Protein chains: 2
Amino acid sequence: MPNRDDVLGAAQRMLNADPAASMAGIAEAVGISRATMHRHFDSREALLVELGTRSLDRWEQRLDEAGVEALAAEGDPVRLREALEVLVLAYVDDSDAFGFALTDHVILANAALEERTQVLADREAVLVAAAQEAGVLRRDLPLRWFGHVTYGLLVAAREAVRIGDIARRDAGQLVLSSLLAGVATR
Amino acid sequence: MPNRDDVLGAAQRMLNADPAASMAGIAEAVGISRATMHRHFDSREALLVELGTRSLDRWEQRLDEAGVEALAAEGDPVRLREALEVLVLAYVDDSDAFGFALTDHVILANAALEERTQVLADREAVLVAAAQEAGVLRRDLPLRWFGHVTYGLLVAAREAVRIGDIARRDAGQLVLSSLLAGVATR
DNA sequence: CTCATGTGAGACACTGATGTCTCACTGCGA
DNA sequence: TCGCAGTGAGACATCAGTGTCTCACATGAG
């Protein structure tokens with residue numbers, strides 16, 4: 001019998017394939033009844049908020065693993081650049097599982113999640129600011145722009161993989177390379 | 001009394017603000033009754049398809065203005081680069097009005113629109129391929145990747161403007177500069 | 001064996017949206 | 001002035017999804 005985590009995992013996969021999936025659809029994909037679905041999660045919103053929380057947990061974990069604050073304090077260009085690369089590649093991996101959370105309206109409209117998103121964006125901005133200081137990232141771009149560009153490229157990669165224009169295994173390097181160096185020759 | 005074009009324009013603005021807007025909501029925003037709304041468009045889908053068609057019309061117009069095929073045949077690096085810049089800036093402008101069409105499920109699921117999208121993407125790819133040949137765009141990136149990256153940056157700019165992280169008037173240059181040169185120093 | 005717990009099936013009420021239809025009104029042209 | 005085309009208001013049937021509830025059933029622990 002699928003436990004709560006199994007349900008969350010299956011729901012995640014289902015919602016990635018079809019972000020508008022109904023509770024009935026998700027329950028069917030999980031292999032349980034609607035009744036049991038509602039025994040796990042009071043409402044569809046509760047389910048989505050929990051999945052949103054999960055994705056933020058992952059983001060936070062990535063920032064922790066990178067040691068954002070320490071790196072920023074240190075200010076070493078080489079290590080900053082390396083950390084940025086590792087972080088972006090991790091995001092690409094994660095977007096595979098959590099991608100739908102990037103665009104789901106219910107999740108984006110949730111005040112608590114939005115607040116926490118802001119906190120994490122702030123942490124990330126610390127790294128970006130340090131990288132700008134250290135000459136790793138361009139200083140002529142707004143601090144907050146970097147996060148948006150990264151997000152946009154994740155969306156692009158997701159779509160490109162879905163359509164079949166690029167291979168999944170190439171997504172990370174394409175995103176990283178395009179993000180840092182652009183698509184024009186130099 | 002709003003004519004059909006007024007209705008389309010108002011619907012476009014409404015759907016950009018709230019992509020899930022109902023026919024009733026759109027009608028109210030336009031300032032007409034639901035009945036009149038349905039006299040103009042048989043169904044919500046019909047309305048969305050027409051808006052999708054409009055956005056593809058605009059895209060096609062941009063490609064025409066750029067003179068894609070002639071430029072590609074010519075192969076002059078300077079003019080190719082210039083055309084790419086003009087095109088991307090035009091896309092940023094257009095995404096202001098047509099942005100919602102980039103992500104709306106009803107529009108994306110329409111077979112006729114998808115087919116036409118493919119045709120236009122093919123035309124654009126001609127320009128990209130020529131630019132790669134001429135050494136303007138990187139040859140180590142897949143041909144189809146360029147379109148996706150551009151799309152992703154449009155999404156990013158839209159969101160960044162919405163949140164207030166960047167000014168609308170800066171969006172064009174930020175997208176263009178990040179697209180071509182990336183966000184890292186060189 | 002017995003019982004408690006968890007489950008599936010399905011009925012139910014409710015909501016919000018869609019699309020159709022009627023009817024009365026208004027404004028404009030003939 | 002008459003008549004007509006277009007409109008708004010609103011009723012109506014329909015549909016899909018949500019969330020609640022009941023009841024029968026299975027399974028595993030004691």
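Scope of the values below: all heavy atoms of this structure, side chains included, with no hydrogens, waters or symmetry mates. All of these numbers come straight from a predicted model, not from anything done at the bench. Throughout, protein chains are lettered first and strands after them, A, B, ... in sequence-line order, and every chain is numbered starting at 1.
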For the side chain of A:T185 and the backbone of B:R138, is there at least one donor-acceptor N/O pair under 3.5 Å apart?
no
To the nearest 0.5 Å, atom CG of B:D96 lies from atom CG of B:N16 at 7.5 Å
Selection from C:dG8, C:dG19, D:dG8 that lies nearest to any side-chain heavy atom of B:I32:
D:dG8
Taking CZ from B:R4 and C1' from D:dT7, how many angstroms apart are they, rounded to a whole number?
17 Å
Nearest whole Å is fine: how far is C:dT18 P from B:M37 CE?
10 Å
What's the closest nucleotide to the A:A35 side chain, out of D:dA9, C:dG10, C:dT18?
C:dG10
Can you tell me the distance, in whole Å, between the CD atom of A:E45 and the P atom of D:dG17?
18 Å
Donor-acceptor pair (no angle test) under 3.5 Å: A:R34 side chain, D:dG19 base:
yes
Answer yes or no: does a side-chain N or O of A:T36 lie under 4.0 Å from OP1 or OP2 of C:dT7?
no
Within this structure, what is the CD1-to-C1' distance between A:I26 and D:dG17, rounded to whole angstrom?
12 Å
Side chain to side chain contact (heavy atoms under 4.5 Å, CB included) for A:R116 and A:E60? Distances and angles first, verdict last.
CA-CA 10 Å; A:R116 196 172 157 212; A:E60 185 167 27; 2.8 Å; yes
Criterion salt bridge (charged side-chain N to carboxylate O under 4.0 Å, His left out) against B:D94, the qualifying member of B:R54, B:R158, B:R62:
B:R62
In whole Å, I'd like the distance from the CD atom of B:E28 to the C1' atom of D:dA9.
14 Å
How many Å lie between CE on B:M23 and P on C:dA17, as a whole number?
13 Å
What is the distance from CG of B:D42 to C1' of C:dC21, rounded to the nearest Å?
15 Å
Quick one: do B:R168 and B:D93 make a salt bridge, cutoff under 4.0 Å?
no
Looking at D:dG6, does its base get a donor-acceptor pair with the side chain of B:R39 below 3.5 Å?
no
For A:H40 and for B:A20, locate the closest nucleotide of DNA chain C by heavy-atom distance; then report the residue assigned to the nucleotide nearer the 5' terminus.
A:H40
Could you check how far CG of A:N3 sits from P of C:dT5, rounded to whole Å?
20 Å
